[in-house]
Amino acid sequence: MLNQVLQRKEHLLVDQGRPFIMLAGEVHNSSSSSAEYMEPIWEKAVRLGMNSLLLPVTWEMVEPEEGVFDFRIVDELIAQARRHEMKLGFLWFGAWKNAQCYYAPSWVKTDLERFKRAEVEKGNNRTDLKDFHGMSYTTLSYLCEATCAADAKAFRELMLHIKKADEKEQTVILIQVENEPGLQGAAREHSDTADALFEANVPQPFVDYMITHTGTMAADVRQAVENGAKSGNWQAVFGDAAEEIFSAYHVASYIDKVAAAGKEIYPLPMMSNCWLDKGQKAGKYPSGGPVSRMMEVWKCCAPNVDVIAPDIYVQNFCDVCDEYVKMDNPLFIPETATHSYAGPRLVYVVGHYHALGFAPFGFEDMGEPFTAIDSYLFGVDTSDPMLRTPQNVEEYAWYNKTINSMMPLLTEKYGTSDLQAAIVERPDQDTMMFGEYGFKVMMNMPLLTRKDGVCLVLKKTADEFYIIASGCAVFPFSANPTKPNVDILSLEEGRFEQGNWKMTRRLNGDEVAIMRYEKPTLLKIKLFGYQ
Ligand code: DGJ
């Protein structure tokens, strides 16, 4: 068995079993089509302290003619990653890329008979999305077996190649199967085939699964399932949620076939990313995609997909994360904005959600002024200055390097309450409890100039803690009523070198009276509780 498969909740493993958090960046869509173009991007990743990258590998490039495979770019990217001592997650841009078929090879795109397009209305396969890049387009049908078979075959060849090229060294540690799949423009397809399937009975094992998994469901989905018939056609069983569930069933089943074809060859952990639903109707966001409200469907129909991963550009980042940890789904953020919440959010997802990975999208531009499209995507048009300011690259590098240097300590605490975090976006969750002691974290207070507070606390022993703090003041207190007083026996600023703590400054006096941090700082603190 490979050493990278997810052996227990919330761990990726590398190098013969070392737990690993992907401190990654995802490149812009076209960057990894050229190793030459990638050179300076690798340098930037090194400067940013990243330990891995997420890179698209596209169907059109690896199978330009049917049955003729060309994996040169895959080999070049693996070689570059190794030269820069980084791991890789490859993103398979197959039939789906943002609910479209941009990356299907031309032999697929041009054979309209064999590779059917999705009908968003009866007889119409054209989707007009005036508010999304102003484009109209058609896309491949999730019901077309020929497309799924061709996609799965290409993916299988890719995994076979990666296995041959990389099984020994294991540079590639994660695969994303497709990109933001689903159907735009309608909640379900409307071809005659789709209509017939929609009118037919829902497979009973699927109905039974849904009926027994209502506990985690979104309120309206649960209501639809609970009020629906216990057998029958899609409308009868799933009521108002029928069309989206129908799409999710078919998209997830399609992607599971692709993932299975690859896993059978080389069982790397596999994930599926989603374009979030923002309370709109399905079809406004890609219907059938792996959004949290369809997670029960995906967990049932796509068992070969290990992780459902949200692409988060919206402002209520933490609320979205909360939705994606249900059903024991480990948190992985493959795409997020590069505004100045990026650094604090990285620390928070590690400390609070024990995330597998975090990757700002288009990280190669991090720190540069936003383009108009960045501004649109990141929602910078608000009064919040953090959203309008690009992430400071030195600080982001500090966060990555610090987390990387603490990797064994952090991953050992994954899945336990010895690792916690607080962030400025969650002012009501400002207290962390660790047995005998607790820490209250104050942010956004008059004594602090910066507004991007974050604090991660790791309990090393009963009275010793490591703390990553920025933009906050930290107040330790006793949680033991028989020993209500607390002394700080020692407070050190420092860093880890080859796994060993190296103190850079002993803090006391004013620096202990108020533990206030204006810039990212790593601390080691020892407490003493007494009566
Ligand atoms: C989400 C997609 O998954 C990415 O590939 C990219 O298109 C961004 N949106 C927007 O640039």
Side-chain angles (χ1 to χ4, degrees), residues 22 24-34 37-38 41 53-61 77 88-104 127 129 131-135 137 139-140 174-184 251 255 258 270-278 280 284-292 294 298 305 307-315 317 320-321 324 331-339 341-342 345 357-366 368-381 387 390-391:
M22 290 185 85
E26 181 170 328
V27 294
H28 283 294
N29 295 161
S30 308
S31 302
S32 60
S33 66
S34 153
Y37 190 87
M38 279 298 295
I41 296 179
L53 290 189
L54 300 182
L55 304 179
V57 169
T58 71
W59 191 3
E60 65 170 4
M61 272 187 82
L77 296 171
L88 279 178
F90 277 139
L91 318 176
W92 172 240
F93 285 8
W96 276 287
K97 163 67 177 75
N98 300 18
Q100 302 193 34
C101 60
Y102 295 104
Y103 287 94
T127 303
L129 289 177
D131 55 352
F132 184 72
H133 299 203
M135 287 170 64
Y137 66 95
T139 198
L140 294 161
L174 178 74
I175 305 286
Q176 180 185 290
V177 193
E178 314 290 345
N179 192 85
E180 294 190 348
L183 177 73
Q184 281 275 24
V251 176
I255 289 182
V258 177
M270 298 206 180
M271 94 183 163
S272 186
N273 67 327
C274 71
W275 170 332
L276 296 182
D277 81 272
K278 298 170 199 138
Q280 312 111 316
K284 185 82 177 159
Y285 60 91
S287 183
V291 288
S292 70
M294 288 294 113
W298 274 77
V305 173
V307 183
I308 304 285
D311 294 341
I312 313 182
Y313 296 97
V314 293
Q315 292 162 27
F317 177 90
V320 174
C321 292
Y324 285 81
L331 189 67
F332 191 106
I333 314 289
E335 294 183 35
T336 195
T338 53
H339 53 52
Y341 282 113
R345 287 173 178 176
F358 181 85
F361 178 79
F363 83 89
E364 56 263 57
D365 297 340
M366 185 184 276
E368 303 198 356
F370 294 143
T371 61
I373 189 81
D374 294 333
S375 305
Y376 164 76
L377 194 63
F378 303 168
V380 301
D381 187 17
L387 292 169
Q391 171 64 46

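Throughout, residue positions are numbered sequentially from 1 according to the sequence presented. Note that ligands are numbered from 1 as they come in the structure, with each ligand's atoms numbered from 1 the same way.
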Pair Tyr341 + Phe317: ring centers closer than 6.0 Å: no
Residues that Met61 engages under side chain to side chain contact (heavy atoms under 4.5 Å, CB included), provided they are two or more places apart: Ser33, Thr58, Ile73
For ligand 1, the portion of Ile373 having any non-hydrogen atom under 4.0 Å away: neither
Residue portion contacting ligand 1 (non-hydrogen atoms closer than 4.0 Å) for Trp275: neither
Atom indices of ligand 1 within 4.0 angstrom of [X] heavy atoms, with elements:
{"X": "Glu335", "value": "1 (C), 2 (C), 3 (O), 4 (C), 5 (O), 8 (C), 9 (N)"}
{"X": "Asn179", "value": "2 (C), 3 (O), 5 (O)"}
{"X": "Lys97", "value": "2 (C), 4 (C), 5 (O), 6 (C), 7 (O)"}
{"X": "Asp311", "value": "3 (O)"}
{"X": "Glu180", "value": "1 (C), 2 (C), 3 (O)"}

Geometric N/O contact Asn29 with ligand 1, under 3.5 angstrom: yes
Counterpart residues, side chain to side chain donor-acceptor pair (under 3.5 Å), relative to Ser31 (two or more places apart): Glu364
Spacing of CH2 belonging to Trp92 relative to CD1 belonging to Ile255, to within rounding of 0.5 Å: 12.5 Å
Would you find a donor on one side and an acceptor on the other, under 3.5 Å apart, between the side chain of [X] and the backbone of [Y]?
{"X": "Asp311", "Y": "Trp275", "result": "no"}
{"X": "Gln176", "Y": "Glu178", "result": "yes"}
{"X": "Trp96", "Y": "Gly182", "result": "yes"}

contact_flag His28 ligand 1 heavy-atom lt 4.0 Å: no
